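Numbers here are sequence positions counted from 1. Since the model is a prediction, treat every value here as computed from it, not as a measurement. Order of listing sets the numbers, starting from 1, for every ligand and every atom in it.
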Amino acid sequence: MSAETTAPSLLFGPGLTDVRMMVVAHTSFRRELRLAVPAVRRVRVGDVRRAEEVAAHVDLWTGLVEHHHSIEDELLWDRLVERVPDELAPLVQLMEDQHESVHRLLDGCPPLVSVWRASASVDDGTRLADHLAGLGAALCEHLDAEESRVLPLMARHITPGEWEEFTERGMESIPKGMLLTGFGMMLYEGDPEAIALEVAKLPAPLRPILPVLGRWAFRRYARRMHGTATPQRGTD
Ligand SMILES: [Fe+2]
């Protein structure tokens with residue numbers, strides 16, 4: 001996380017829409033994309049079976065980031081530009097430039113992934129890992145700026161109903177078989193209070209079980225993908 005971490009008090013409270021779940025999602029993006037780089041580098045030459053598993057991880061996370069950005073533009077950013085153009089004016093160029101460079105790097109992933117998953121060669125793996133490292137750096141720079149400069153404006157000018165639609169659409173992008181793992185990924189280092197508010201929206205019988213199952217699913221996934229149940233945190 002950058003030095004310009006946002007004061008949590010700007011992201012929820014009286015008269016504000018609680019937007020803390022955005023930080024929770026971003027933290028998972030930071031962690032999983034950063035960890036994808038060594039995961040690719042660790043695959044042994046010619047081990048196409050393992051390359052396939054790691055490639056699926058890369059596809060999943062690049063897809064989630066892409067979807068996150070597109071619903072952000074559609075449901076939040078465009079409304080914000082309409083509602084508070086003056087406050088956003090100094091940020092529009094920065095945000096658009098950052099989105100563009102992240103998207104250029106995202107677009108570069110599928111061809112590199114497809115070549116590497118078929119060959120599992122050192123050269124193809126190095127090309128993909130280097131590309132992912134560049135993507136991770138560009139993405140972190142963008143997420144840091146968004147959290148510190150745009151998110152407080154969203155808390156003030158996006159309605160709770162609009163926010164709810166955004167979080168629901170975000171959940172829809174997680175493949176059904178990954179829902180528990182995805183929830184565990186958020187629990188791993190997300191703001192417990194913000195997550196508890198989301199859990200409270202679930203049917204009562206699910207509330208106590210889901211965090212337990214989510215943590216279990218994440219540990220299992222992290223061991224398989226990153227070689228440890230407690231991988232380096234996105235906030236480190
Ligand atoms: Fe975001």
Glu72 OE2 and Glu146 OE2 subtending at the Fe ion (ligand 1) (10° steps): 90°
His142 and His69 aromatic centres sub-6.0 Å: yes
The Fe ion (ligand 1) to nearest N/O/S of His26 below 2.8 Å: yes
Check against side-chain hydrogen bond (donor to acceptor under 3.5 Å, both in side chains), His157 and Glu82: CA-CA 10 Å; His157 301 290; Glu82 228 176 83; over 6 Å; no
Asp73 vs Ser70, side-chain hydrogen bond (donor to acceptor under 3.5 Å, both in side chains): CA-CA, chis, key distance, verdict: CA-CA 5 Å; Asp73 283 347; Ser70 75; over 6 Å; no
Mutual orientation of the aromatic rings belonging to Phe218 and Tyr188 [parallel < 30°, tilted 30-60°, perpendicular > 60°]: tilted
Name of the His68 atom (N/O/S only) found closest to the Fe ion (ligand 1): NE2
